[in-house]
Enquirer: 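Handing you a structure now.
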Amino acid sequence: ENVIANQLNNYGELSFYNYRGSSEIDFILNKEIAFEVKLNGSVHDLKRLSKLSSGLNLTDYSIISKSFCGIDKVIYPMFL
């Protein structure tokens with residue numbers, strides 16, 4: 001996550017979301033785009049991120065996965 005934070009920091013302001021220790025979004029870029037960092041992204045992770053993002057009125061979100069998973073809305077650190 002620290003490596004991703006350093007990369008995303010070049011694109012603007014970073015914040016995060018944590019609801020009482022039960023739900024979190026790792027990074028929110030410029031109060032517009034939500035990112036969740038995973039070793040292996042999954043459809044379950046993407047659904048959870050979608051639900052949390054919509055609750056915060058964020059329409060753009062992506063999983064950042066170290067491993068290739070072939071799911072839409074998943075990006076890989078080497079492309080940031």
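Computation of the quantities below employed the complete heavy-atom set of this structure, encompassing side-chain atoms and omitting hydrogens, waters and symmetry-equivalent molecules.
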Enquirer: Nearest 0.5 Å please: distance from the CD1 atom of I63 over to the NE2 atom of H44.
Expert: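 It is 10.0 Å, given to the nearest 0.5 Å.
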Enquirer: What distance do I28 atom CD1 and L8 atom CG have between them, rounded to the nearest 0.5 Å?
Expert: 12.0 Å
Enquirer: Could you point out which residue of F27, F35, Y76 forms a side-chain contact (heavy atoms from CB on, under 4.5 Å) with I64?
Expert: F35
Enquirer: I want to check something: taking the side chain as every heavy atom from C-beta on, are L52 and Y61 in contact at a cut-off of under 4.5 Å?
Expert: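 No, their side chains stay 4.5 Å or more apart.
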Enquirer: Supply the atom-to-atom distance D26 CG to E36 CD, rounded to the nearest 0.5 angstrom.
Expert: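 Here the interatomic distance stands at 4.0 Å.
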Enquirer: I need the minimum non-hydrogen distance between A5 and L14, along with the two atoms involved.
Expert: O-CD1, 3.4 Å
Enquirer: Does a sphere of radius 6.0 Å around CG in D72 hold more than 12 heavy atoms from other residues, nucleotides or ligands, not counting ones at 6.0 Å or beyond?
Expert: no
Enquirer: From N9 CG over to L29 CG, what is the distance, rounded to the nearest 0.5 angstrom?
Expert: 9.0 Å
Enquirer: Between NZ of K47 and CG of L49, what distance do you get to the nearest 0.5 Å?
Expert: 13.5 Å
Enquirer: How long is the span from the OG atom in S65 to the CG atom in L39, to the nearest 0.5 Å?
Expert: 7.0 Å
Enquirer: If you count every heavy atom of other residues, nucleotides or ligands that lies below 6.0 Å from K73 atom NZ, does the total exceed 12?
Expert: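 More than 12 heavy atoms, drawn from other residues, nucleotides or ligands, come within 6.0 Å of this atom.
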Enquirer: Please indicate whether N10 has more than 12 foreign heavy atoms, meaning atoms of other residues, nucleotides or ligands, lying under 6.0 Å from its CG.
Expert: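 Result for CG/N10: enclosed.
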Enquirer: Are I4 and I75 joined in one hydrophobic group, where the rule is that I, L, V, M, F, W and Y side chains link up if heavy atoms are under 4.5 Å apart?
Expert: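 Yes: a chain of side-chain contacts under 4.5 Å links I4 to I75.
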Enquirer: Check whether any side-chain heavy atom of S53 sits under 4.5 Å from a side-chain heavy atom of Y17, and report yes or no.
Expert: no
Enquirer: When you measure from the side chain of N6 to the backbone N and O of V3, does any donor-acceptor pair fall under 3.5 Å?
Expert: no
Enquirer: Are I25 and L56 close enough that some pair of their side-chain heavy atoms sits under 4.5 Å apart?
Expert: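 A side-chain contact under 4.5 Å exists here.
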Enquirer: What closest approach, in Å, do P77 and Q7 show between heavy atoms, and which atom pair accounts for it?
Expert: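 Heavy atoms only, the tightest pair is O-NE2, 3.5 Å.
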